[in-house]
Amino acid sequence: MLRHFIEPSDFDKREYDALFRLAADIASNPKTYAHACDGKILASLFFEPSTRTRMSFDAAMYRLGGQVLHLGDAKVSSLAKGESVRDTLHIVDQYADICAMRHPVAYTQHYAVDVLKNMPLINAGDGDHAHPTQTLADIYTIRDQKGSWSNLKIGFCGDLRYGRAVHSLFEFLNDYDDEFVFIAPKGLDMPSNYLEQSTCPYEEVDDLQSVIGDLDVLYMTRVQRERFASLEEAKRYQGSYLLNQEVLNHASEDLIVLHPLPRVDEIDIEVDDDPRALYFEQAKNGMYMRMALILTLLEAKYENSRE
Ligand code: CP
């Protein structure tokens with residue numbers, strides 16, 4: 001069966017559990033998986049800048065023994081001549097076995113996925129909407145550190161309006177028994193459509209220091225300046241939060257600090273050496289989870305072709 005990973009809800013709890021266990025096994029026994037994707041090709045279609053997601057998909061496929069086919073800069077592809085993303089995907093479907101795609105316009109992957117006959121599509125970020133493989137990096141780190149995805153108090157801090165990583169992590173955790181604290185300046189609050197879906201208790205505040213002591217997980221985010229109508233508008237919010245050692249002194253020793261990265265100015269580099277700061281480990285964990293995801297989606301595809 002050709003399966004895609006476009007939204008966190010595309011996998012159920014049992015499948016997330018299996019993905020976590022597979023990723024943990026890959027991290028512990030990398031040599032076992034070194035040829036798991038021999039002869040397979042991942043198409044990497046990034047229509048928006050990326051360091052971690054793009055490179056971790058590349059690293060994931062190479063570490064599984066596969067190859068990566070890059071669209072490269074959209075300006076040197078036929079998109080520059082007016083070809084649609086849909087047609088581009090239709091073509092790439094005939095060249096690659098699996099595809100990771102990022103696009104600046106929300107829901108592009110949802111709109112284009114039905115042209116695919118051969119390759120599973122992985123959403124590597126669509127506009128301000130979703131970033132489900134970032135969620136994989138986040139949940140691996142949470143479970144690795146806390147042992148569970150339930151019974152946690154999670155603070156989301158920063159640009160909750162445009163932060164797609166926040167939206168997808170919220171959607172995942174909302175299926176568990178957690179508590180949320182949304183920490184944002186007015187104007188960058190968590191969108192009401194997410195709040196209306198919340199089955200977990202939540203509060204909305206604008207001050208980080210007054211709530212940090214209650215949190216098990218603090219999820220920091222940058223102001224997503226590329227989503228604002230103008231740079232001037234984005235600059236009004238720049239510097240709303242700064243997590244430094246002084247603020248962290250109000251937190252529990254068991255807090256973990258996550259950030260999807262890139263960081264701009266919301267976490268002081270002095271925090272990097274604090275054992276509670278796990279954002280660089282989180283980026284590494286994202287590679288193992290993407291390896292597990294590639295294997296899982298390819299296995300589903302070839303199981304079907306053997307039927
Ligand atoms: N976290 C994340 O999506 O980073 P990149 O934009 O560098 O891929």
Side-chain angles (χ1 to χ4, degrees), residues 5-8 10 19 23 42-63 68 70-74 98-109 121-142 144 154-173 188 217-228 234 238 241 243 256-267 269 271-272 277-294:
F5 189 65
I6 310 283
E7 290 280 353
D10 286 336
L19 207 62
L42 169 90
S44 173
L45 309 187
F46 278 72
F47 299 97
E48 193 182 57
S50 169
T51 297
R52 274 147 295 277
T53 313
R54 185 171 56 85
M55 294 191 73
S56 66
F57 267 114
D58 288 8
M61 198 55 178
Y62 289 130
R63 284 172 187 267
V68 183
H70 287 277
L71 176 73
D73 187 339
I98 188 165
C99 177
M101 174 173 150
R102 171 173 288 188
H103 200 278
V105 178
Y107 297 98
T108 299
Q109 288 86 337
L121 182 63
I122 301 170
N123 181 358
D126 64 301
D128 63 4
H129 169 238
H131 195 353
T133 70
Q134 178 60 49
T135 302
L136 299 182
D138 307 339
I139 65 173
Y140 184 103
T141 313
I142 292 171
D144 192 43
I154 295 140
F156 294 93
C157 180
D159 183 351
L160 311 187
R161 178 180 176 187
Y162 294 120
R164 60 190 173 198
V166 168
H167 302 161
S168 287
L169 181 57
F170 163 82
E171 286 205 52
F172 174 86
L173 292 172
L188 296 187
V217 179
L218 172 61
Y219 197 83
M220 293 295 293
T221 62
R222 71 182 169 95
V223 174
Q224 307 275 307
R225 61 183 173 206
E226 66 276 28
R227 311 274 175 234
F228 287 78
Q238 210 66 55
Y241 297 102
L243 180 67
I256 60 170
V257 180
L258 305 183
H259 190 313
L261 304 177
R263 153 174 63 186
V264 180
D265 58 4
E266 58 285 342
I267 301 182
I269 57 167
V271 171
D272 295 357
L278 293 176
Y279 27 89
F280 293 116
E281 190 167 328
Q282 179 187 358
K284 182 178 72 180
N285 294 339
M287 178 183 72
Y288 296 127
M289 282 297 258
R290 289 178 177 111
M291 290 170 81
L293 178 66
I294 290 168

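All values below were derived from every heavy atom in this structure, side-chain atoms included, with hydrogens, water molecules and symmetry-related copies excluded. Start at 1 and go down the list; that is how both ligands and their atoms are numbered.
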**Student:** Check this for me: Arg222, atom CZ, are more than 12 non-hydrogen atoms of other residues, nucleotides or ligands nearer than 6.0 Å?
**Tutor:** yes
**Student:** List the steps and the verdict of salt bridge (charged side-chain N to carboxylate O under 4.0 Å, His left out) for Arg227 and Glu48.
**Tutor:** CA-CA 12 Å; Arg227 311 274 175 234; Glu48 193 182 57; 2.9 Å; yes
**Student:** Determine the interplanar angle of the Tyr140 and Tyr288 rings, folded into 0 to 90°, and report it as parallel if under 30°, tilted if 30 to 60°, perpendicular if over 60°.
**Tutor:**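 Answer is tilted, since the angle falls between 30° and 60°.
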**Student:** Heavy-atom distance to atom 1 (N) of ligand 1: which of Pro260, Ala165, Ser56, Ala124 wins?
**Tutor:**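 It is Pro260 whose heavy atom sits nearest to atom 1 (N) of ligand 1.
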**Student:** With atoms numbered from 1 as shown, which atoms in ligand 1 lie under 4.0 angstrom from a non-hydrogen atom of Thr51?
**Tutor:** 5 (P), 7 (O), 8 (O)
**Student:** Among His259, Arg102, Arg222, whose heavy atom sits nearest atom 6 (O) of ligand 1?
**Tutor:**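 The nearest heavy atom belongs to Arg102.
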**Student:** Distance under 4.0 Å to a non-hydrogen atom of Gln134: what atoms of ligand 1 satisfy this?
**Tutor:** 1 (N), 2 (C)
**Student:** Out of all atoms in ligand 1, which are within 4.0 Å of some heavy atom of Leu261? Include the element for each.
**Tutor:** 1 (N), 2 (C), 4 (O)
**Student:** Tell me, please, whether Phe57 has Arg290 positioned over its six-membered ring: NZ or CZ under 6.0 Å from the ring centre and within 45 degrees of its axis?
**Tutor:** yes
**Student:** Relative to atom 3 (O) of ligand 1, which among Arg164, His131, Arg52, Arg54 owns the nearest non-hydrogen atom?
**Tutor:** His131
**Student:** Under a 3.5 Å distance rule, please check whether Asn123 uses its side chain to pair with a backbone N or O of Ile6 as donor and acceptor.
**Tutor:**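 Side chain of Asn123 to backbone of Ile6, a donor-acceptor pair under 3.5 Å: yes, one is there.
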